[in-house]
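Before any comments, here is the structure.
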Amino acid sequence: MRSGTGLPPDGSYPASAIARDAELLRPMPMPELRDVVDWADRLPAVGAAVTAPVRLTFAAHDKIWRSDDEAVAAVSRHFTAAPFTTALLAGVGHSIELHHLARAYVLSQLSFVEQALA
């Protein structure tokens with residue numbers, strides 16, 4: 001997580017996050033690995049079946065998931081039966097929960113749920 005590597009800027013996460021990130025690394029369970037391989041094939045049918053509001057938050061410095069307009073549009077077009085919104089969280093990378101803005105992210109997600117329930 002160092003600036004200059006395309007990852008989030010230094011200071012966007014506490015130093016303890018480096019150790020926490022290492023703790024989170026585990027071998028991927030086989031069912032999850034299957035999901036990684038074929039999720040894109042299943043997305044059109046699954047996305048079209050979702051009727052509950054959906055919010056997808058992208059990390060601005062994520063090096064696993066793209067967050068450009070083309071990628072957002074590609075995901076959005078599958079959620080045809082649901083209100084679909086996206087957010088871009090600046091100053092964070094993958095594993096938003098390890099960054100200083102984790103609390104703000106969680107609060108924004110809870111606000112989205114409250115609004116959806118209303």
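Here the structure is a predicted model, which means the values were calculated and not measured.
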According to a 4.5 Å side-chain heavy-atom criterion applied to Ile, Leu, Val, Met, Phe, Trp and Tyr, with indirect links allowed, do [X] and [Y] form part of one hydrophobic cluster?
X: Val54; Y: Trp65; result: yes
X: Val75; Y: Val36; result: no
X: Met28; Y: Trp39; result: no
X: Leu117; Y: Val50; result: no
X: Phe58; Y: Phe112; result: no

Please give me the minimum heavy-atom distance between [X] and [Y], naming the atom from each residue.
X: Ala60; Y: Ala90; result: CB-CA, 3.7 Å
X: Ala87; Y: Arg55; result: CB-NH2, 3.2 Å
X: Ile96; Y: Ala102; result: O-CB, 3.6 Å
X: Asp41; Y: Pro44; result: O-CD, 3.5 Å
X: Ser76; Y: Thr86; result: OG-CG2, 4.3 Å
X: Gly91; Y: Ser12; result: O-CB, 3.0 Å

Kindly compute the distance separating OG1 (Thr57) from CG (Asp62), expressed to the nearest 0.5 Å.
->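 If we round to the nearest 0.5 Å, Thr57:OG1 and Asp62:CG are 11.5 Å apart.
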From Leu101 CG over to Ser108 OG, what is the distance, rounded to the nearest 0.5 angstrom?
->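 One gets 10.0 Å once the value is rounded to the nearest 0.5 Å.
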Any side-chain heavy-atom pair from Glu114 and Leu110 closer than 4.5 angstrom?
->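 They are not in side-chain contact.
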Evaluate the side-chain proximity of Tyr105 to Val92: yes if any heavy-atom separation is below 4.5 Å, no if none is.
->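 Heavy-atom side-chain distance check fails, nothing below 4.5 Å.
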Mind telling me whether Phe84 and Phe79 have parallel, tilted or perpendicular rings, with 30° and 60° as the class edges?
->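 Judged by the thresholds at 30° and 60°, the geometry between Phe79 and Phe84 is parallel.
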In sequence, state the C-alpha distance, the side-chain angles, and the governing distance for Met30 and Leu33, and then conclude on side-chain contact (heavy atoms from CB on, under 4.5 Å).
-> CA-CA 5 Å; Met30 189 54 70; Leu33 182 57; 4.0 Å; yes
Residues forming a salt bridge (charged side-chain N to carboxylate O under 4.0 Å, His left out) with Asp68, sequence neighbours excluded =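 With sequence neighbours excluded, Asp68 shows a salt bridge (charged side-chain N to carboxylate O under 4.0 Å, His left out) to Arg66, given in chain and number order.
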Look at the side chain of His99 and the backbone N and O of Gly93, then say whether any donor-acceptor pair between them is shorter than 3.5 Å.
->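 Yes.
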